[in-house]
Amino acid sequence: MIAAQAKLVYHLNKYYNEKCQARKVAIAKTIREVCKVVSDVLKEVEVQEPRFISSLNEMDNRFEGLEVISPTEFEVVLYLNQMGVFNFVDDGSLPGCAVLKLSDGRKRSMSLWVEFITASGYLSARKIRSRFQTLVAQAVDKCSYRDVVKMVADTSEVKLRIRDRYIVQITPAFKCTGIWPRSAAHWPLPHIPWPGPNRVAEVKAEGFNLLSKECHTLAGKQSSAESDAWVLQFAEAENRLQLGGCRKKCLSVLKTLRDRHLELPGQPLNNYHMKTLVSYECEKHPRESDWDESCLGDRLNGILLQLISCLQCRRCPHYFLPNLDLFQGKPHSALENAAKQTWRLAREILTNPKSLEKL
């Protein structure tokens, strides 16, 4: 048994050093190319409208606010200033979302975003995004990369198509630090020793983002609530949780397997599903020793089996907001197909670790 485990870990490490690292290098190159174009567009936006200041800065070889959705799809979060005059209201009526309401006693005129405040005092995410979309469309026509960048039509999101190869969504957002949403108040679960009080304090201090983007859970809800609502996002908190042991290596292997074998019709799976399942696996295996390099094979198998179970049940709860289903809106046939493909992959890796050379 131990020999079989060691063999799997050996082949996974080989896979990581060859395939995962090659993926990372290729994506890093793409990110540089894409960020040049996006920075140029945002510079033009800023000239027209100084309230939208580019926050796409490079730190320690990574761009702050940039998320890789797949090797050809990215999201850039554009942090806005001056949320101060608004109260963050998170009453659970809009799963995965919250609203920003003008604080009592504050005048509209005190806000930098005065014309985007609704009659009832809410800062409308959709109004801000609509204005931003107009500005980006104008900037695309003026910027020095106008020959290689186009706006994606038929969406209220701000999406750019670059060199006909890459899609970049630019999402206006507010960074919320020092507060924690009520809808995530159950975390961490009291009976689970992971991640420990110090890490919990760090994660909660890191806070979350409020994004102006379409929220799938609101389909069918009244449109006024939908247009005012902001989507909760915990990217930095999740990154902080997955430090230590072989967690990041495990996620890197999962992303590489997804890119190579689970990029399927209907797009049932993305990198974020993988990241979410790593967080759940950390809860199931709370000891640091469970994430020793020698356990990489066990953790990977556990996550692939959990993924199959989620696909078969057609439900993948968000890690911090379990009422939010990350599979919502995905076609059932796509989820079933993904479950079959993931099962084939898991069986292949478990029964014949050497097959990773070809995967």
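Along the sequence shown, the residues carry numbers beginning at 1.
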### Query
Quick one: do Glu236 and Lys175 make a salt bridge, cutoff under 4.0 Å?
no
### Query
In terms of side-chain geometry, is the basic nitrogen of Glu288 or Arg247 positioned less than 4.0 Å from the acidic oxygen of its partner?
yes
### Message
Are Phe88 and Pro181 packed together at the side-chain level, in the sense that at least one heavy-atom pair is separated by less than 4.5 angstrom?
### Response
yes
### Query
Do Lys204 and Trp187 come within less than 4.5 Å of each other through their side chains, counting heavy atoms only?
yes
### Query
Do the side-chain N and O atoms of Ser279 and Glu238 include a donor-acceptor pair separated by under 3.5 angstrom?
no
### Query
Is it true that a side-chain atom of Asp90 and a backbone atom of Arg182 form a donor plus acceptor pair closer than 3.5 Å?
yes
### Summary
Between Leu324 and Pro95 the two heavy atoms that sit nearest each other are CD1-O, 3.9 Å
### Message
Assess the residue pair Val38 and Ile162 against the criterion (side chain to side chain contact (heavy atoms under 4.5 Å, CB included)); give the C-alpha distance rounded to whole Å, side-chain angles, the decisive distance to 0.1 Å, and a yes or no.
### Response
CA-CA 9 Å; Val38 173; Ile162 297 173; 4.3 Å; yes
### Query
Quick check: are there more than 12 heavy atoms from other residues, nucleotides or ligands sitting under 6.0 Å from CG of Asp91?
yes
### Query
Is it true that the side chains of Ser156 and Glu214 contain a donor and an acceptor less than 3.5 Å apart?
yes
#### Entry: SB check Glu46 Lys43 (cutoff 4.0 Å)
no
### Query
Quick one: does Gln21's side chain get under 4.5 Å of Ser252's, heavy atoms only?
no
### Query
Is Arg258 reaching over with its side chain to a backbone N or O of Met274, donor-acceptor style, under 3.5 angstrom?
no
### Query
Are Phe52 and Trp113 close enough that their ring centers fall under 6.0 Å?
yes
### Summary
For Leu8 and Gly297, the nearest pair of non-hydrogen atoms, with its separation, is CD2-CA, 3.7 Å
### Side-chain donor-acceptor pair present, Asn239, Lys275, cut-off under 3.5 Å
yes
### Phe327 side chain near Leu311 side chain, heavy-atom distance below 4.5 Å
yes
### Task
Could you tell me whether the side chain of Leu241 reaches within less than 4.5 Å of the side chain of Tyr319, counting heavy atoms only?
yes
## Note on the structure
Value for CD1 (Ile167) from CZ (Arg161), rounded to nearest 0.5 Å, stands at 4.0 Å
### Task
Kindly say whether Leu335 contributes a backbone atom to a donor-acceptor pair with the side chain of Arg314 at under 3.5 angstrom?
no
### Query
Is the closest side-chain heavy-atom distance between Cys176 and Leu210 below 4.5 Å?
yes
### Message
On a heavy-atom basis, which atom in Ser212 and which in Arg129 lie closest, and how many Å separate them?
### Response
OG-NH1, 3.0 Å
### Task
Examine Val140 and Val152 and state if one hydrophobic cluster contains both, with Ile, Leu, Val, Met, Phe, Trp and Tyr joined whenever side-chain heavy atoms are less than 4.5 Å apart.
no
### Query
Nearest 0.5 Å, what's the OG-CZ distance between Ser309 and Arg315?
12.0 Å
### Query
Does Lys358 come within less than 4.0 Å of Glu348, counting only side-chain N to carboxylate O?
no
### Query
If you count the non-hydrogen atoms of other residues, nucleotides and ligands that lie under 6.0 Å from OH in Tyr79, is the total more than 12?
yes
#### Entry: Gln306 and Lys284 side chains, donor-acceptor separation under 3.5 Å
yes
#### Entry: Under 3.5 Å donor-acceptor, Arg199 side chain and Arg240 backbone
yes
### Within-4.5 Å side-chain heavy-atom neighbours: Phe320 and Val203
yes
### Message
When you measure from the side chain of Arg146 to the backbone of Lys142, do you find a donor-acceptor pair of N or O atoms at a distance under 3.5 Å?
### Response
yes
### Query
Looking only at heavy atoms, what is the nearest atom pair of Gly266 and Ala334, with distance?
CA-CB, 4.2 Å
### Task
Rounded to the nearest 0.5 Å, what's the gap from CD on Glu336 to NE2 on His332? Could you check?
8.5 Å
### Message
On a heavy-atom basis, which atom in Ser124 and which in Thr118 lie closest, and how many Å separate them?
### Response
CB-CG2, 4.0 Å
#### Entry: The single option from Glu75, Glu67, Lys213 passing side-chain hydrogen bond (donor to acceptor under 3.5 Å, both in side chains) against Thr171
Glu75
### Query
Just by distance, do the side chain of Asn87 and the backbone of Ser103 share a donor-acceptor pair under 3.5 Å?
no
### Task
Would you confirm whether the ring centroid of Trp180 sits within less than 6.0 angstrom of the ring centroid of Phe234?
yes
## Note on the structure
CZ (Arg344) and CD1 (Ile349) are apart, to the nearest 0.5 Å, by 14.0 Å
### Message
Just verifying a value: how many Å separate Leu211 CG and Leu78 CG, rounded to the nearest 0.5 Å?
### Response
11.0 Å
## Note on the structure
Taking every heavy atom of His273 against every heavy atom of Cys316, the minimum-distance pair comes out as CD2-SG, 4.3 Å
### Query
Would you find a donor on one side and an acceptor on the other, under 3.5 Å apart, between the side chain of Asn17 and the backbone of Asn13?
yes
### Message
Rounded to the nearest 0.5 Å, what separates atom CG in Leu296 from atom CH2 in Trp291?
### Response
9.0 Å
#### Entry: Salt bridge Lys14-Glu357, side-chain N to carboxylate O under 4.0 Å
yes
### Task
May I ask you to test the Thr134-Glu49 pair for a side-chain heavy-atom distance under 4.5 Å?
no
### Task
Report whether Leu56 and Phe174 are members of the same hydrophobic cluster (ILVMFWY, side-chain heavy atoms less than 4.5 Å apart, transitive linking).
yes
